[in-house]
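Quick notes on the structure that follows.
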Amino acid sequence: MNSLDFSIVLQAWPYLWSGLLFSLALTAVAFVVGLVLGTCLALVQHFEVPVLGKLVRGYVALMRSIPLILVLFWFFFLVPIVLGHLSGNGRPVPIGATWTAFITFGLFEAAYYSEIIRVGLRAVNKGQFEACQALALSTFDTYRSVILPQVLRVASPIILSQTIILFQDTSLVYVLSLTDLLGAASKLAQLNGRLVEMYLVIAVVYLAISSAASQCVASLRKRYAIAGR
Amino acid sequence: MLQHTAGNEAGRSTPIVTVENLVKRFGHFTALNDVNLSVAAGEKIVLCGPSGSGKSTLIRCINHIEKHDGGRIVVDGVELTGRMDDINGVRREVGMVFQSFNLFPHLSVVENCMLAPMKVRALSRAEAHERAIGLLRKVRIHDQANKYPGQLSGGQQQRVAIARALCMQPKIMLFDEPTSALDPEMVKEVLDTMAELARDGMTMVCVTHEMGFAREIADRVVFMDRGAIVEEADPETFFRAPRTERARDFLGQIIH
Ligand SMILES: Nc1ncnc2c1ncn2[C@@H]1O[C@H](COP(=O)(O)OP(=O)(O)OP(=O)(O)O)[C@@H](O)[C@H]1O
Ligand SMILES: [Mg+2]
């Protein structure tokens, strides 16, 4: 067995770096889109909005029961067709792999976050709502300034854990021929035959990023364990 | 600080809260049955009665946290129907203090006090801050203004809750057993705060079993049992010579 040669990794670093940046960008966008949309979806269910509430319920259940990789396929083929219908002439409008990835990850994450937030909303003490009523706060202000900040704080460790999984799942974009960190490493590994070095190094990168995030989760848990009465 | 100075004499003639033939049901259970109560501006009322008699339900109806099923409630000239405008109009003028404090745990003490004045009374941040600090000073807790509720003792939290309600400059304050959740050594600091508020002329309706407090500040003690007002009297008369059997039993139990 030949000895390990990490110089190859050093040469390949720019390419790996661009893959890592893509993974991080995808995670960040999906996080923001997922959180904003997920909060809206949770509220629609929480308020039991007629019709819409049921639709959202179904959407969330669907997204949570099929694998992300399948959703990626679907969106890649479906979204252009839907856009084609919307634009009127019926011809599919291709949106490209990158857009597909960003949209899909955002929508997929929204389903997961919304479930976390919906459960969190139910866990808020009744007294908090009554205090808001007694102070004549509007429903909007009640949720924006009192209820949601508490829910997001309490749920933040779970949301962050979910985001770590999301970060690892970005590797699935290979089905759209996009290149994330893992994709970049595999391509290089096939080219230069240095599989072991490549996979070792990116494993370390994943480990470093995920454990840094896990540290955040742990400290969030500790912090809100103290602050929460 | 408090806008109205109506003394008891002047106040008697103008009721600020009128409750007429109030009925409140929970499903088939009638929690309040034909309750009549009138509170004059500046008057201090202590509501007492056995557990489950409907004391909380009555004061929660006054600011429409509970919807009533029959009768009329008029607060500061506005009748509480289902209309949200009226309800929030009334709630602005009615402060409420809960047994379990219900402070906002994610906001600091001073922010707890600033939120509603800014959102509801449209005060600027600076104005709300100034008012909050003033009232926190009044309840003697301004040195804790930047702490979070979870870092305070129960008695301190309840005083913050009182200050938070006062920041809305209400015309009436409702208290629902404000000292029942407190350790005995903290009861006094909260009662002292309430007594001071009473001396300032605030209109108060307090559900409490603190009979010393009732003797000292109440103009009237209202005794409830099984969803109805059974007896009303000035504290001296009520404690010395309760008219009804039920009130005698009740007093026997709480005084031992
Ligand atoms: N949300 C509710 N649903 C059903 N029943 C209720 C509800 N709230 C109160 N009740 C019932 O109404 C009655 C009056 O309750 P209320 O809380 O007003 O009593 P209380 O006099 O404040 O008693 P306590 O001294 O225990 O606080 C009780 O029998 C209670 O079980
Ligand atoms: Mg009660």
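Naming: A, B, ... by sequence-line order, numbering from 1 per chain.
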With a 4.5 angstrom heavy-atom cut-off, is it the side chain or the backbone of [X] that approaches chain A, or both, or neither?
X        : answer
B:Arg60  : side chain
B:Val94  : backbone
B:Phe104 : both

Is it the case that over 12 heavy atoms from other parts of the model lie below 6.0 angstrom from the [atom1] atom of [X]?
X        : atom1 : result
A:Tyr174 : OH    : no
A:Glu48  : CD    : no
A:Trp13  : CH2   : yes
B:Glu127 : CD    : yes

B:Phe98 versus A:Ala134, closest heavy-atom pair with distance = CZ-CB, 4.0 Å
request  = Over all heavy atoms of both residues, which pair between B:Ala116 and A:Leu135 is shortest? Give the atoms and the distance, please.
outcome  = CB-CB, 3.8 Å
Roughly how far apart are [X] [atom1] and [Y] [atom2], rounded to 0.5 Å?
X        : Y        : atom1 : atom2 : value
B:Asn102 : A:Lys126 : CG    : NZ    : 9.0 Å
A:Cys132 : B:Arg91  : SG    : CZ    : 10.5 Å
B:Met118 : A:Leu137 : CE    : CG    : 11.5 Å
A:Thr142 : B:Lys119 : OG1   : NZ    : 10.5 Å
B:Asn88  : A:Thr139 : CG    : OG1   : 8.0 Å
B:Met96  : A:Gln133 : CE    : CD    : 10.0 Å

request  = Using modelled atom types only, decide if a donor and an acceptor are shared between the side chain of B:His106 and the backbone of A:Val151 within a distance under 3.5 Å.
outcome  =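 Not at all, since once roles are kept as given, no pair shorter than 3.5 Å links the two residues.
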